[in-house]
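In the text below, chain A, chain B and the rest are named by the order of the sequence lines, each starting its count at 1. In what follows, every heavy atom counts, from backbone to side chain, and hydrogens, waters and symmetry copies are set aside.
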Protein chains: 2
Amino acid sequence: MERPDLGKLTAALVREVIRREAPILERAGLEMWDYVILVALSEGDAATQRDLAAASGRDKTRLIGNLDRLEATGLVARAPDPADRRNKVVSLTPTGRRVLARCRKDIRAMEDDLLAGITPADREAFVRVLILLGDRAD
Amino acid sequence: MERPDLGKLTAALVREVIRREAPILERAGLEMWDYVILVALSEGDAATQRDLAAASGRDKTRLIGNLDRLEATGLVARAPDPADRRNKVVSLTPTGRRVLARCRKDIRAMEDDLLAGITPADREAFVRVLILLGDRAD
DNA sequence: GTAGATCGTACGCGTACGTAGATTATTTGC
DNA sequence: GCAAATAATCTACGTACGCGTACGATCTAC
């Protein structure tokens, strides 16, 4: 089977997805990293910013600026952990949850459009393999 | 179907592929961009460096440094076009072709390892969809 | 032939990145 | 109590990126 490198193919797809996400995120006033962080938070509050950095893939020093903005616009809350006041527990506010839900919906619609014309069987196989390979960090 | 964003999934896969390509490229003394450029050249000589920049996705001013290195190590050749001496025709040398072939083989082996355990049908669907979506720049 | 466009090249700008201290507040081990 | 460790933060550094500009060599149009 002659085909381009996986790296080339996947990088092209990432570029295309980013290109299509850009207008959605801009409309919501979010940067790419903001969205990634909100998504990470939607899977549960972060006990520490260190944890959030690890969960989102964002460098811990760079994360601070994003949280400053997200906190200032009321999308997330930073609360000192009563049990260990060095830690700050980061959580989504109701507003943050609402903004994220809307973004997610728009992005899902964009993805459906991107996947238009792909048979359901191929879509399922594609996503299945994607999930498998992304976790294959061994 | 509940699943992570396509962006998250594909970005994770790209990171994993890059991580696995790194030792192969380092062994060959190539940077990531060097490899991308060699691959672009393997699909035909570039009539101009401008064309090569477009074909490889590299910024035209950044391309120069890569070509300097690749030329110095004898992997590519820059020859003034007799028909228009402003242009420089960039081509793979036999050495370049050999180094690229070896890299490609190692990378293909890495990919086979990454894809181990995926059924042939799923692999084919995966690559098929990947090729389709990457070109979907509309 | 002369004006204007094009190619390769060099350089500087602003941006984003990860890393490495240093600092302050806080907790933990002894 | 006090020393060592840890979390969040700030700052500075070096690197890579795309973009814009400028310049010399060269080609094209008129």
**Student:** Between B:N66 (CG) and D:dG18 (P), how many Å, whole number?
**Tutor:**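 Between P of D:dG18 and CG of B:N66: 10 Å.
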**Student:** Could you tell me the separation between the NZ atom of A:K60 and the P atom of C:dA22, rounded to a whole number of Å?
**Tutor:**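 Rounded to whole Å, this separation is 14 Å.
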**Student:** So, are A:E111 and B:R3 salt-bridged, with charged N and O less than 4.0 Å apart?
**Tutor:**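 Yes, this pair counts.
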**Student:** Measure the shortest side-chain to side-chain distance between B:R27 and B:D106 over non-hydrogen atoms and say whether it is less than 4.5 angstrom.
**Tutor:**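 The answer is yes; the side chains approach within 4.5 Å.
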**Student:** Categorize A:R62 for me: base, sugar-phosphate, or nothing, with a 4.0 angstrom heavy-atom threshold over every strand shown.
**Tutor:**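 The answer is base, as A:R62 lies within the cut-off (heavy atoms under 4.0 Å) of a base atom.
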**Student:** Please pick, from D:dA8, D:dC27, D:dA5, the nucleotide with the shortest atom-to-atom distance to any side-chain atom of A:Q49.
**Tutor:**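 Side chain of A:Q49 sits closest to D:dA8.
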**Student:** Considering only C:dT27, D:dT26, D:dG18, which nucleotide approaches the side chain of B:D59 most closely?
**Tutor:**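 When the side chain of B:D59 is considered, D:dG18 is the closest of C:dT27, D:dT26, D:dG18.
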**Student:** Quick check for you: among C:dC17, C:dT27, D:dC17, whose closest atom lies nearest to any side-chain atom of A:D84?
**Tutor:**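 Comparing C:dC17, C:dT27, D:dC17 against the side chain of A:D84, the answer is C:dT27.
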**Student:** On DNA chain C, check which nucleotide each of A:R58 and A:R85 is closest to and give me the residue with the more 5' one.
**Tutor:**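 Final value for this comparison: A:R58.
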**Student:** Rounded to the nearest Å, what distance is computed from the CZ atom of residue A:R86 to the C1' atom of nucleotide D:dA7?
**Tutor:**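 Atom-to-atom, A:R86 to D:dA7, this comes out as 6 Å.
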**Student:** So B:N87 and B:D84, do their side chains get closer than 4.5 Å, heavy atoms only?
**Tutor:**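 Heavy-atom side-chain distance check passes, below 4.5 Å.
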**Student:** Between the side chains of B:R86 and B:T48, does any donor sit under 3.5 Å from an acceptor?
**Tutor:**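 Side-chain D/A pair, B:R86 to B:T48: absent.
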**Student:** Would you kindly give the CE-to-C1' distance between A:M32 and C:dT15, to the nearest whole Å?
**Tutor:**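 So the CE-C1' distance, A:M32 to C:dT15, works out to 15 Å.
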**Student:** Measure from CG on A:D81 to C1' on D:dA7 and round the result to the nearest Å.
**Tutor:**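 Distance check: A:D81 CG to D:dA7 C1' gives 11 Å.
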**Student:** Whole angstroms only, please: what is the CG-C1' distance between A:L63 and C:dA16?
**Tutor:**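 For the pair A:L63 CG and C:dA16 C1', the rounded distance is 15 Å.
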**Student:** Can you check the B:N87 CG to D:dG24 P distance for me, whole Å?
**Tutor:**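 Rounding to the nearest Å, CG of B:N87 and P of D:dG24 are 20 Å apart.
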**Student:** Check whether any side-chain heavy atom of A:L6 sits under 4.5 Å from a side-chain heavy atom of B:L13, and report yes or no.
**Tutor:**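 Answer no - side chains too far apart.
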**Student:** When you check the phosphate oxygens OP1 and OP2 of C:dA16, does a side-chain N or O of A:W33 lie under 4.0 Å from one of them?
**Tutor:**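 So the side chain of A:W33 is outside the cut-off, no N or O lying under 4.0 Å from OP1 or OP2 of C:dA16.
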**Student:** Rounded to whole Å, please give me the gap between CZ in B:R50 and P in D:dC27.
**Tutor:**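 Interatomic distance, CZ of B:R50 to P of D:dC27: 17 Å.
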